[in-house]
Amino acid sequence: DQQVKQNSPSLSVQEGRISILNCDYTNSMFDYFLWYKKYPAEGPTFLISISSIKDKNEDGRFTVFLNKSAKHLSLHIVPSQPGDSAVYFCAASSFGNEKLTFGTGTRLTIIP
Amino acid sequence: NAGVTQTPKFRVLKTGQSMTLLCAQDMNHEYMYWYRQDPGMGLRLIHYSVGEGTTAKGEVPDGYNVSRLKKQNFLLGLESAAPSQTSVYFCASRLDGTDTQYFGPGTRLTVL
């Protein structure tokens, strides 16, 4: 049972436009959410996170929105740049749990 | 700081051979994790450790063993490799009290 779902395997966006990556979860115990970015032949790197007590967290061009009632979060990248082309993983954890549960990833391609 | 390092970067095994993957971190993190990444499957947790001398099973532990004899090292062993273990393996570590995991660069393993 996939508790964290990224239903779009791929997404293409024009450079300078907004990229929106989506993530849904089923476990209501999840209270902390993270986005990781992965380039080919490298390990995932932490991008941004959000606690369930917030509905938005912003860091430069990256903003994560959390809708707890819908069990949905999204990552907005604006403006999109060629260096943003990568695979993005959504991950979730719950208080007291040592583990993260990852989604299957979305490959973002920024078109120059 | 080197962060999280993994040895080797690439390896080709024949079915039935054994090998050990080494993960080292210099951030004094208590928690360490081994994941495998397969196309369309995201990151799946194999085993993890909450501290020196401890190990625990993750989502897909069969066919793997681990040891955490020193705080900075986490070893993943394959006793009898199978083609189904062809994958990219990532190690990660985390500081107690935080949620963010830091990943190594990965080991690409092919079992023929």
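Note that the structure is predicted; figures quoted are calculated from it, not measured. Protein chains get the first letters and strands the later ones, always in sequence-line order, with residue 1 at the start of each.
Enclosure of atom NZ in A/Lys5 is not indicated, since only 12 or fewer non-hydrogen atoms of other residues, nucleotides or ligands lie within 6.0 angstrom. The number of heavy-atom neighbours closer than 6.0 Å to CE of B/Met27, taken from other residues, nucleotides and ligands shown, is above 12. Crowding of A/Arg17 atom CZ: a count of heavy atoms from other residues, nucleotides or ligands under 6.0 Å not exceeding 12. Remark: B/Arg44 CZ is packed, more than 12 non-hydrogen atoms of other residues, nucleotides or ligands lying under 6.0 Å away. By the 6.0 Å contact criterion, CD on A/Glu15 is enclosed, its count of non-hydrogen atoms from other residues, nucleotides or ligands being greater than 12.
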Exercise for the section: Could you walk me through whether B/Thr98 and A/Tyr32 pass the side-chain contact (heavy atoms from CB on, under 4.5 Å) test, one step at a time? Expected result: CA-CA 10 Å; B/Thr98 68; A/Tyr32 197 79; over 6 Å; no
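Nearest heavy atoms, A/Pro44 versus B/Leu43: CG-CD1, 4.0 Å. Nearest heavy-atom pair, B/Asp99 versus A/Leu34, reported as atom, atom and distance to 0.1 Å: O-CD2, 4.0 Å. Closest non-hydrogen pair, B/Met41 versus A/Thr104, comes out as C-CG2, 4.0 Å. Across B/Tyr48 and A/Lys99, no two heavy atoms sit closer than the pair CE2-CD, 3.7 Å.
Taken together through direct or relayed side-chain contacts under 4.5 Å among Ile, Leu, Val, Met, Phe, Trp and Tyr, A/Phe46 and B/Leu45 form part of one hydrophobic cluster. The cluster map of Ile, Leu, Val, Met, Phe, Trp and Tyr, joined by side-chain heavy atoms under 4.5 Å apart, puts A/Leu47 and A/Leu108 in the same cluster. When the side chains of ILVMFWY residues are joined at heavy-atom separations under 4.5 Å, either directly or via intervening members, B/Leu78 and B/Val60 end up in a single hydrophobic cluster.
The closest side-chain heavy-atom distance from B/Gln37 to A/Phe102 is not below 4.5 Å.
Neither the backbone nor the side chain of A/Ser49 comes within contact range of chain B; no heavy atom of the residue lies under 4.5 Å from a heavy atom of that chain. Both the backbone and the side chain of A/Glu98 have a heavy atom closer than 4.5 Å to some heavy atom of chain B. Using a 4.5 Å cut-off between heavy atoms, A/Ala91 makes no contact with chain B at all.
Among A/Gln6, A/Gln2, A/Lys38, the residue making the largest number of heavy-atom pairs under 4.5 Å with chain B is A/Lys38.
Here A/Ser93 contributes atom OG and B/Arg94 contributes atom CZ; the two are 7.5 Å apart, rounded to the nearest 0.5 Å. Here CD1 of A/Ile48 is found 11.0 Å from OG1 of B/Thr100. Values are rounded to the nearest 0.5 Å.
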